[in-house]
Each structure stands twice: as structure tokens, then as C-alpha cells.
Protein chains: 2
Amino acid sequence: MADTMADRLERWKADGFDPQNCPVRRILDHVAAKWTLLVLMELDSGPKRFNALLRAIPDVSRRMLTQSLRDLERDGLVIRTVFDTRPPSVEYKLTEGGHTLMVPLSALIDWATSQSTAIFDAQMRYDAA
Amino acid sequence: MADTMADRLERWKADGFDPQNCPVRRILDHVAAKWTLLVLMELDSGPKRFNALLRAIPDVSRRMLTQSLRDLERDGLVIRTVFDTRPPSVEYKLTEGGHTLMVPLSALIDWATSQSTAIFDAQMRYDAA
DNA sequence: CGGTATCCGGGAAGATACTG
DNA sequence: CAGTATCTTCCCGGATACCG
């Protein structure tokens with residue numbers, strides 16, 4: 001898509017665009033939620049169980065991990081599978097849609113990684129003034 | 001970069017990764033902040049003045065627009081130029097770094113746009129259960 | 001093991017009014 | 001024109017405790 005931002009914006013607005021209910025921002029909000037990005041990255045390398053995720057992501061609480069997983073499940077990006085064993089085990093994995101999200105998301109992560117020192121410097125300069 | 005997510009995570013963790021202070025997430029938080037995305041998209045098509053942005057983005061308040069612009073300026077993504085006229089006029093435009101951000105960001109917007117109905121459907125299905 | 005339920009504090013954001 | 005200032009409200013997220 002060689003679409004410019006202006007094109008997109010124009011189409012959105014012509015479409016009766018409601019910034020309070022913008023699907024793109026709703027998705028971005030989820031992606032940028034405090035723990036979601038780390039959850040997605042952990043699951044990208046394969047299915048994991050609840051406590052495995054809890055251990056893999058330092059400082060996340062049970063409550064927030066559960067909520068992040070529920071949000072992702074609701075968006076159809078993650079699938080939750082319960083195995084009827086004793087004690088019960090629950091597996092989370094990315095759906096096909098979840099994996100396709102990782103493509104553009106990787107690019108954004110790369111950008112942020114490569115620019116992080118430049119941004120840090122800019123912040124120092126700004127704060128000095 | 002054919003880097004997998006697992007590679008990235010491993011590197012981060014080996015690096016003494018603090019999820020509370022992750023540069024990538026800090027940047028993503030700004031990008032995904034309520035109004036930032038729209039501001040960036042408006043500025044991508046060229047410099048704009050404060051009130052032009054205010055008019056272009058429905059429902060944004062003066063306060064929040066100011067804060068969004070300050071955050072972007074602080075990150076070095078936007079430049080603020082004051083012209084000493086009467087009445088004064090102030091122009092905002094993307095920096096070079098701001099423009100490079102739009103590349104991966106466009107890809108993510110495209111993904112979100114193309115998946116928005118699928119996600120909406122998934123949500124309906126989830127909520128029905 | 002894999003969650004819920006409940007309480008609570010702090011920061012984000014809206015409304016409104018004022019200013020150089 | 002391009003902002004501040006102040007107030008208030010809301011909700012995210014942490015802490016803690018309990019459950020099938």
C-alpha cells in the first residue's frame with residue numbers, strides 16, 4: 001500500500017470517523033497496554049501455560065496477566081485451551097491472526113529499539129531547556 | 001532483521017531487562033496515547049498550526065493537544081516553531097525521526113484496518129459466550 | 001494449578017475559565 | 001492565536017486474600 005497518511009485520514013473522515021470509537025486505536029491501545037506486548041512476544045515462540053508466562057514476565061501480577069490474556073483472547077489473537085487433567089493445565093497460544101500481528105509489530109519494535117538512544121538524548125536536551 | 005521475538009526477548013533479559021523501565025514500551029506508550037496517533041498522521045502530510053490541528057482532530061481538547069505535542073516534541077519526533085508575528089503563530093512539523101516512525105506505524109495501521117472486522121467478529125463471539 | 005474477588009491509591013484526561 | 005491553570009472525575013493497575 002503506497003497510501004499516504006493523508007489518504008487514510010481522508011477516507012476515515014469521509015466514513016464518519018468517530019475518534020472515541022476508532023478500531024485502529026482500540027487495537028493499538030491493547031497492543032500498548034502495560035503487559036500485552038510482552039505476553040505476545042512470549043507466545044510468539046510457542047504455546048505457554050499460565051504459570052510459565054507468570055514466571056517469564058517479571059513483575060506481572062496474576063490479575064494483570066489474566067486480564068491481558070482475556071483481552072487478547074477477546075480480540076481473537078490468542079487461544080486458551082483447558083486440558084482436563086488433575087491438576088488442570090491451561091495453555092495459551094497465538095492464533096493465526098496473532099502471528100500476522102507480530103510482523104508489523106516487529107518492525108515497530110525494531111524502530112523503537114534502534115531509536116531509543118536518540119530519543120533518550122532528545123529528552124535530555126528538552127529537559128535541560 | 002530476521003530476528004525472532006524469542007531472540008529479542010533473550011537479548012533484553014540478558015541485558016538486565018527491567019519491564020518497569022523498558023524503552024520500547026515507553027515509546028509505544030507515547031505512540032499509543034489517546035491522541036498521539038492522530039496528531040502524527042495529521043502532521044505526516046505537512047506542517048500544521050495549533051488551531052488547525054485542533055480543528056482537524058475532532059473532540060481533542062486544547063489541554064490534551066498541547067500535552068500530546070509536548071510529549072512528541074520531547075521525544076524529538078516533532079518540532080515546534082514560533083513565528084514572531086501578531087498575533088503569534090506556531091507551527092508543528094515532524095522531524096526526520098518522526099517521518100521514519102511513520103513507516104512501521106503505517107504497517108501497523110494497515111494491519112489494524114484490515115483486521116478490524118475480524119477482530120470485531122471475534123469480540124462478538126467472545127461476548128456471546 | 002489457574003485463576004477470582006475486593007479494596008485502594010495515583011495518574012490520565014475532561015470541563016471550565018483565564019492570559020500574553 | 002496559542003496556550004495555562006485549576007478542579008474533578010474516572011479507571012488502570014498494584015496488593016492482598018480467597019477458591020475449584
*Closest listed nucleotide, where the reference is the side chain of B/K34 and the choices are D/dT4, C/dA13, D/dA2*: C/dA13

_Checking B/T113 against B/D110: is there a side-chain donor and acceptor pair closer than 3.5 Å?_
no

*Can you check whether B/I109 reaches B/L37 side chain to side chain, under 4.5 Å on heavy atoms?*
yes

*What is the distance, rounded to the nearest whole Å, between atom CZ of A/R80 and atom C1' of C/dT4?*
12 Å

_Side-chain N or O of A/W35 closer than 4.0 Å to phosphate OP1/OP2 of D/dG14_ = yes

*Anything under 30° is parallel, anything over 60° is perpendicular, the rest tilted; go ahead and classify B/Y92 against B/F50.*
tilted

*Base, sugar-phosphate, or nothing: which does B/Y92 touch, judged by heavy atoms less than 4.0 Å apart?*
sugar-phosphate

_Earlier contact from the 5' end, DNA chain D, for A/R62 and A/P88_ = A/R62

*With B/W35, which of B/L40, B/D71, B/D59, B/L53 fulfils side-chain contact (heavy atoms from CB on, under 4.5 Å)?*
B/D59

*Nucleotide nearest B/M64 (side chain, heavy atoms from C-beta), chosen from D/dA2, C/dG3, C/dA13*: C/dA13

*With a cut-off of 6.0 Å (strictly less than), are more than 12 heavy atoms of other residues, nucleotides or ligands near NZ of A/K48?*
yes

*Do the non-hydrogen side-chain atoms of A/L43 and B/M5 ever get within less than 4.5 Å of each other?*
no

*Between atom CZ in A/R70 and atom C1' in D/dC12, what is the gap in whole Å?*
18 Å

*Check the distance between C/dA12's C1' and B/L65's CG and give it to me in whole angstrom.*
16 Å

*Look at A/E42 together with B/K13 and state whether they make a salt bridge at an N to O cut-off of under 4.0 Å.*
yes

*How close or far is atom P of C/dA13 from atom CG of B/D59, stated in whole angstroms?*
15 Å

*In whole angstrom, give the distance that lies between atom CG of B/L69 and atom C1' of D/dT4.*
15 Å

*Do A/R63 and D/dG14 have a side chain to base donor-acceptor pair shorter than 3.5 Å?*
yes

_Atom-pair distance (CG on A/D29; P on C/dA12), nearest Å_ = 14 Å

*Check the distance between C/dG20's P and B/F50's CZ and give it to me in whole angstrom.*
18 Å

_Nearest to the side chain of B/P87, heavy atoms from C-beta on, is which of C/dG3, C/dA13, D/dC1?_
D/dC1

*Separation of A/L54 atom CG from C/dT4 atom P, in whole Å?*
13 Å

*Would you work out how much the helix from C/dC1-D/dG20 to C/dG20-D/dC1 bends between its ends, with each end axis defined by five base pairs, to 10 degrees?*
50°

*Establish whether the base of C/dG2 is bridged to the side chain of A/R49 by a donor-acceptor pair shorter than 3.5 Å.*
no

